[in-house]
Amino acid sequence: MAKNVSPTNPTRVAAILDALTQAYPNATCALHHKSAWQLLVATILSAQCTDVRVNLVTPALFRAFPTPRAMAAASLPELEELVRTTGFFRNKAKSLQGAARVVSEEFHGKVPQTMDELLRIPGVARKTANVVLGSWFGIADGIVVDTHVLRISRRLALTRQTAPEKVERDLMQLIPQSKWIDFSHQLISHGRAVCIARKPRCAGCPLEPLCNAPGKTFSSH
Ligand code: SF4
């Protein structure tokens, strides 16, 4: 696409969304979970950690403490031991214990379905809340901005911001709400497979004709 077209031109944005949908038609959340609570826990654990690592840790964690009530009664050392390999395990254990207490005491053991309520849970910021709302409840209240979504949105010039909440606000202005949930799943898939942090694989990228990122490793235009 010509370099003088505004990066936020609706036709360009629509072309990006179409290319992503064609390339990643079945992109979903890679964290294993069977309930909103399990997804919330897995997302808390995924901070600064790969989903593969989280998926190795959660089965034993949920066997030991299958419900929010059970986890609320767990001691911090027990939780720390179980989540140790995900990194930042002391903070994460504290968040899990706090989250389990709030979900079991304030929300009767059920993960709430609104952004405001989710943000009252320890360890939950907008990213985690958006993951749970979008991937479990199918509610598009915002857009998940993780490291991949942030990096690629900037490379595609959909935002100039660097703070996740500001990036999210820009994306929410540009992208139709009906696409919010799929868009982040697709960008996360794209960030893992093609638009990797170092040396993006631009030669094989389905978005390449639409992308003018300064760090491209190949350019057809
Ligand atoms: S062309 Fe390169 S920088 Fe642009 S989206 Fe594709 S992989 Fe990323």
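As the structure lists them, so they are numbered: ligands from 1, and atoms in each ligand from 1. Residue numbers count from 1 along this sequence. Hydrogens, waters and symmetry mates play no part in the numbers below; they use all other heavy atoms, side chains included. Computed from a prediction, not measured in an experiment: that's the story for all the values here.
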Hydrophobic clustering (ILVMFWY, side-chain heavy atoms < 4.5 Å, transitive) - are Phe89 and Leu79 grouped together?
yes
Using the side chain to side chain donor-acceptor pair (under 3.5 Å) rule, collect all pairs that involve residues 93-112, keeping only residues at least two apart or in two chains.
Glu106-Arg120
Under 2.8 Å from atom 2 (Fe) of ligand 1 - protein N/O/S, by chain and number
Cys202 SG
Is it true that Lys127 and Glu168 make a salt bridge, defined as a side-chain N closer than 4.0 Å to a carboxylate O?
no
Solution key, residues 39-49 side-chain donor-acceptor pairs under 3.5 Å, sequence neighbours excluded:
residue, atom, partner, partner atom, Å
Thr43, OG1, Leu39, O, 2.6
Ser46, OG, Thr43, O, 2.8

Enclosure of Phe88 CZ (heavy-atom neighbours >12, cutoff 6.0 Å):
no
Pairs of donor and acceptor atoms involving the side chains of residues 189-197, under 3.5 Å and at least two apart or interchain, shall be tabulated with distances.
residue, atom, partner, partner atom, Å
Ser189, OG, His185, O, 3.1
His190, ND1, Tyr24, OH, 2.7
Arg192, NH2, Asp51, OD2, 2.8

